[in-house]
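Numbering starts at 1 and runs along the sequence shown.
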Amino acid sequence: MRILVTGGAGFIGSAVVRGLVAAGHEVRVLDALLPAVHPSGLPPLLPAGVDFRHGDVRDRAAVEGALAGVDAVCHQAAMVGLGSDLDDAPAYAGCNDLGTAVLLAAMARSGVLDLVLAGSMVVYGEGRYRCPLHGDVAPGPRRPDELDAGRFEPPCPRCGSELLPGLVAEDAPTDPRSVYAATKLAQEHLAAAWARACGGRVLTLRYHNVYGPGMPRDTPYAGVASLFRSALARGEAPRVFEDGGQRRDFVHVEDVAAANLAALAAVGDRPPGSARAHNVGSGEIRTIGEMARALASAHGGPTPVVTGEYRLGDVRHITADSSRIRTELGWRARVSFADGMVEFAAAPQRV
C-alpha cells in the first residue's frame with residue numbers, strides 16, 4: 001500500500017514510517033516541523049525512498065497534494081503534552097482539531113477512506129476506580145487544598161474512602177481533564193463523523209505512556225519519560241511530582257509503531273462508516289517513581305528526588321486494559337519495561 005503518515009517526522013511518526021518501509025509499503029510523510037518538536041527546523045533521517053513533504057495539516061493545498069494516490073492515512077500529526085498554560089489552548093485546538101478537520105475534508109473529497117488515528121489515553125481522564133462500599137465510581141476534580149496537604153489519592157465522592165485503581169477499557173466513559181485531552185477526544189469525534197458521512201473506516205489507537213529512543217528533550221510538551229531522561233543527560237536528578245505513586249502503563253515506541261502497522265492492515269476490512277478505538281499499552285503496571293528510579297539506575301545518574309509538586313491537569317492513575325487490540329488485531333507489546341528502560345537510558349534524544 002501507499003500510505004500517508006502525517007507527523008511522520010516526529011517521535012512516534014518516524015518509528016511508524018520505519019516500520020512501514022521495512023514491511024514493504026510506500027510511504028509519504030507530511031510534517032510541519034513545528035519548532036516545539038524540531039527546534040533545528042530539519043527533519044530526522046528517514047529511510048530511503050520516503051516521499052517527505054514539508055507542510056501543515058491545516059493547509060488545504062498541502063494536504064490535498066499529499067493525499068494524491070495514497071491508499072490510507074496514518075494521522076500522527078498533533079501538538080502533544082499538557083503544555084505550559086492555557087495560553088497554549090488556541091495552538092492545541094488549531095493543530096489537533098482544525099488540522100484533523102482539514103485532513104478529513106480532503107480525504108472525503110479525494111476518496112481516501114481508510115484512516116488510522118493516533119489517539120491518547122488522556123481522553124479517559126482518571127482511570128477506573130472502585131470504592132469498597134460503593135463499587136465503580138468516578139472521582140471528582142482534584143482539589144488544590146488536598147494536593148497541597150500531600151493527599152494525592154482520589155477519595156470516593158460518596159463516602160470519602162480511598163479508592164482502588166484498576167484497568168480502564170475502551171468502553172469507559174471519557175472525561176478529558178486538560179485542553180490537550182479535550183482536543184484528542186474531539187479528534188475522535190471528528191473522525192467518527194467523517195466515517196459516517198462518507199463511508200470511511202477509522203481505527204483509533206489510544207496510546208498510553210510512550211517512550212523510547214528519539215524522544216524530544218527539554219520541552220514542556222514532552223512526556224515524563226523524556227523529562228527524566230533530559231535531567232539525567234544534564235547530570236541532574238529527575239524530579240518526581242506528587243509522591244511518585246502515580247500508576248502508568250509505559251509502552252515502547254517500537255511496539256506503538258507495530259500497533260499502527262496492525263491497524264493499517266485491518267482497517268480496510270472494517271464496515272464502511274465505522275469507528276473503533278483500541279488501547280495501546282504494555283500490560284505492565286508501573287509507577288512514575290519506579291520509572292524514574294529504573295532510568296536513573298540504568299543511566300548511572302543521580303537518584304530521583306520526590307518533590308510533592310503537582311499539576312492540576314495531571315491524573316493520579318491511568319492504566320490500560322489492552323485485551324481488545326490483542327484479540328482483534330493480534331498485537332501485543334514485545335519490549336519489557338526493564339529492557340526498554342536500559343535501552344532508553346543510553347539512547348540519544350532529539351535536540
- Would you indicate whether the side-chain heavy atoms of L295 and F344 approach each other to under 4.5 Å?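 Side-chain contact under 4.5 Å: yes.
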
- Message: Do L20 and V5 make a side-chain contact, defined as non-hydrogen atoms from C-beta onward lying under 4.5 Å apart?
- Response: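 L20 reaches V5 side chain to side chain.
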
Is the backbone N or O of [Y] less than 3.5 Å from a side-chain atom of [X], with the two atoms forming a donor-acceptor pair by type?
{"X": "W331", "Y": "D255", "value": "yes"}
{"X": "T183", "Y": "Y180", "value": "yes"}
{"X": "S14", "Y": "F11", "value": "yes"}
{"X": "Q76", "Y": "G10", "value": "no"}
{"X": "D56", "Y": "R58", "value": "yes"}
{"X": "R229", "Y": "A345", "value": "yes"}
{"X": "K184", "Y": "A118", "value": "yes"}

- Should we count CZ of R316 as having more than 12 external heavy atoms under 6.0 Å?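 Buried by this count: over 12 neighbours within 6.0 Å.
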
- Message: Taking salt bridge (Lys or Arg N to Asp or Glu O under 4.0 Å) as the cut-off, I'd like each qualifying pair that reaches into residues 9-24, sequence neighbours left out, listed once.
- Response: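 Qualifying pairs, neighbours excluded: R18-E254.
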
- Quick one: which residue pairs count as a salt bridge (Lys or Arg N to Asp or Glu O under 4.0 Å) with a foot in residues 92-109, not counting sequence neighbours?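 Listed once each, the pairs are E64-R109.
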
- Is a salt bridge present between R239 and E309, judged by a nitrogen-to-oxygen distance below 4.0 Å?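 Judged by the 4.0 Å cut-off on N to carboxylate O distance, R239 and E309 do form a salt bridge.
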
- Message: Taking D243 first and then R151, would you say they form a salt bridge - that is, a charged N and a carboxylate O separated by under 4.0 Å?
- Response: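 Not counted as a salt bridge, because no side-chain N and carboxylate O are separated by less than 4.0 Å.
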
- Query: By side-chain hydrogen bond (donor to acceptor under 3.5 Å, both in side chains), which residues pair with S161, not counting sequence neighbours?
  - Reply: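 For S161, no residue satisfies side-chain hydrogen bond (donor to acceptor under 3.5 Å, both in side chains) once neighbours in sequence are set aside.
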
- Do you reckon V70 sits in the same ILVMFWY cluster as L203, going by side-chain contacts under 4.5 Å, direct or chained?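 In one cluster: no.
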
- Query: Is it true that F250 and I285 fall in one hydrophobic cluster, defined by side-chain heavy atoms closer than 4.5 Å?
  - Reply: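 Cluster IDs for F250 and I285 differ.
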
- Message: For H252 and Y211: C-alpha separation, side-chain torsions, deciding distance, then whether ring-ring contact (aromatic ring centres under 6.0 Å, His included) applies.
- Response: CA-CA 5 Å; H252 194 276; Y211 74 96; 5.4 Å; yes

- Message: Does either side chain, that of N260 or that of Y207, offer a donor lying less than 3.5 Å from an acceptor on the other one?
- Response: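 On atom types as modelled, these side chains qualify, holding a pair under 3.5 Å.
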
- Flag for H278-E170: side-chain donor and acceptor within less than 3.5 Å: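 Per modelled atom types, E170 and H278 side chains form no pair under 3.5 Å.
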
